[in-house]
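Nothing here was measured: the structure is a model prediction, and the numbers come from that model. These values consider heavy atoms only, across backbone and side chains, with no hydrogens, waters or symmetry-generated copies. Numbering of residues begins at 1 and proceeds along the displayed sequence.
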Amino acid sequence: MSRNKYPEVTVERILAAAKKLFLEKGYDKTTIPDIVAELGDLTKGAVYHHFKSKEEIMDALGDKMFFDNNPFDTVKKRTDLNGLQKIREVIKLAHAVPDSEELTIEALPLLKNPRILAGMIESDQKIFVPLWQKLIEEGVADGSIHTQYPRELASLLQMLTGIWLMPSVYPADKGELLHRFLFTADILEKAGLPLVDDELLEMARNVFTKWEKSLP
C-alpha cells in the first residue's frame, strides 16, 4: 500500500466531512462509518490512522475553526481599541465564526466526559490564558483595566466563561445561565475587568436561548 504523501490534506478532508455531518445529523447520530461514507475514497482504517475516536475529530475540528479564524490575531492589529475593548472584540468575533455556535452546541454534551473535560481545561490554560493575559496587561498599561494580578485574572476569565457557564458541566436553564453570566460580569468588574457591555449581554441571551433549546 502506498503511503499518503499529503497527510494534512487527508486530515482536512476528514474534518470537512465530519463538520458537514455533525451539522446535518448531529454529533451523536454521526458515526465513523458515516464519515467514511461521506469521504467516499477512504477506509475506516485510514480515518483511524489520523484520529483515534469521534471525540478526537470534534476536538480537532474545534481547534481548526479557532486557528483558522483566530480572533486574537485579528484584534492584535487594531490600533483603535484599548485592551478592554480588544477583549470584548475577541469574544464577539469568536461567536461570529460561521457554524461556531452550532458546533459548540453539538460539543457541549462531550464535556460530561471527565477525560475530555480535563483535557479541555489543560488546553485552555496553555492556549487561552496567555492570550487573555497579554490583552489584560495591555489594558493595565492603557488604563482600561485595573488589576495587580493579570495572570490570575486571565485564568479566572477563562475558567468562568469556558467552564462555569457550560450547562453540561454545571446544569442550568436559560434563566439560571443568564443570572450566572451577570454574576460572572460582577466578579470580573470587581476584579478590575469591566467586561460586559450591552452588546455582550444581548449576545449571551441569544447563546443561552440556543443552548436551552438543544440540551435535554
Side-chain angles (χ1 to χ4, degrees), residues 12 15-16 19 23 58-108 111 119-166 169 177-178 180-211:
E12 291 276 344
L15 294 179
K19 178 182 175 182
L23 292 172
M58 176 62 94
D59 187 49
L61 183 56
D63 287 348
K64 174 177 168 53
M65 291 184 68
F66 171 76
F67 287 109
D68 284 354
N69 305 274
N70 190 333
F72 290 93
D73 284 345
T74 301
V75 302
K76 188 188 302 182
K77 307 168 187 174
R78 296 284 300 272
T79 58
D80 58 319
L81 301 178
N82 62 32
L84 175 61
Q85 291 168 331
K86 285 183 179 181
I87 292 175
R88 290 173 177 162
E89 189 67 13
V90 163
I91 296 171
K92 294 168 187 176
L93 288 172
H95 284 272
V97 175
D99 302 322
S100 173
E101 288 296 337
E102 291 77 8
L103 283 171
T104 296
I105 288 171
E106 293 300 325
L108 280 175
L111 298 181
M120 189 186 83
I121 293 172
E122 181 181 4
S123 176
D124 284 354
Q125 291 297 309
K126 288 181 179 179
I127 296 174
F128 291 108
V129 170
L131 295 172
W132 290 130
Q133 182 179 348
K134 186 172 182 179
L135 293 181
I136 289 171
E137 288 172 344
E138 186 175 333
V140 170
D142 64 37
S144 60
I145 297 171
H146 303 279
T147 182
Q148 298 179 31
Y149 309 100
R151 170 71 184 180
E152 291 77 11
L153 185 54
S155 184
L156 179 65
L157 172 62
Q158 185 60 39
M159 181 183 68
L160 291 175
T161 58
I163 302 296
W164 197 50
L165 290 177
M166 296 295 106
V169 181
L177 282 172
L178 184 58
R180 193 180 292 170
F181 178 80
L182 293 172
F183 181 54
T184 295
D186 194 40
I187 291 173
L188 292 174
E189 184 167 5
K190 284 180 169 61
L193 177 60
L195 177 64
V196 177
D197 58 10
D198 290 342
E199 189 175 350
L200 282 181
L201 180 57
E202 183 60 26
M203 187 185 75
R205 286 195 178 101
N206 293 333
V207 168
F208 297 153
T209 297
K210 292 178 183 178
W211 286 3

Drop me the distance from [X]'s [atom1] to [Y]'s [atom2], to the nearest 0.5 angstrom.
X	Y	atom1	atom2	answer
Met58	Asp63	CE	CG	12.0 Å
Lys19	Lys64	NZ	NZ	8.0 Å
Asp59	Ser123	CG	OG	7.0 Å
Leu15	Glu12	CG	CD	6.5 Å
Ile136	Ser155	CD1	OG	9.5 Å
Met166	Trp211	CE	CH2	3.5 Å

Are any side-chain N or O atoms of Thr161 and backbone N or O atoms of Leu157, one a donor and one an acceptor, separated by less than 3.5 Å?
yes
Give me the atom names and distance for the closest heavy-atom approach of [X] to [Y].
X	Y	result
Leu135	Val90	CD1-CG2, 3.9 Å
Ser144	Gly83	OG-N, 3.7 Å
Asn69	Met65	ND2-O, 2.9 Å
Met203	Ile91	CE-CG2, 3.5 Å
Ala94	Ser100	O-OG, 3.5 Å

Going by heavy atoms in the side chains, are [X] and [Y] under 4.5 Å from each other?
X	Y	result
Asp197	Leu200	yes
Leu81	Arg88	no
Leu23	Leu103	yes

Tested for side chain to side chain contact (heavy atoms under 4.5 Å, CB included) against Glu89, the lone hit among Thr74, Val75, Leu84 is Val75
Given the rule in the side-chain contact (heavy atoms from CB on, under 4.5 Å) test, do Trp132 and Leu153 qualify, once you have shown the distances and angles that lead to the verdict?
CA-CA 9 Å; Trp132 290 130; Leu153 185 54; over 6 Å; no
Can you establish whether the number of heavy atoms outside Lys92 located under 6.0 Å from its atom NZ is more than 12?
yes
Do other residues, nucleotides or ligands put more than 12 heavy atoms under 6.0 Å from the CG atom of Asp198?
no
Could you go through Gln85 and Asn82, starting from their C-alpha distance and side-chain angles, then the distance that decides it, and tell me whether this counts as side-chain contact (heavy atoms from CB on, under 4.5 Å)?
CA-CA 5 Å; Gln85 291 168 331; Asn82 62 32; 3.2 Å; yes
Before you tell me yes or no, could you show the steps for Phe66 and Val97 under side-chain contact (heavy atoms from CB on, under 4.5 Å), namely the whole-Å CA-CA distance, both residues' side-chain angles and the distance that decides it to 0.1 Å?
CA-CA 9 Å; Phe66 171 76; Val97 175; over 6 Å; no
Quick one: salt bridge (Lys or Arg N to Asp or Glu O under 4.0 Å) pairs with a partner in residues 136-154, sequence neighbours left out?
Lys86-Glu138
Is there a side-chain contact (heavy atoms from CB on, under 4.5 Å) between Val196 and Leu182 once you walk through the steps?
CA-CA 8 Å; Val196 177; Leu182 293 172; 5.7 Å; no
List the atom pairs, donor and acceptor, that lie under 3.5 Å between side-chain atoms in residues 184-195 and the rest of the protein, sequence neighbours left out.
from	atom 1	to	atom 2	distance (Å)
Thr184	OG1	Arg180	O	2.9
Asp186	OD1	Lys190	NZ	2.8
Asp186	OD2	Lys190	NZ	3.0

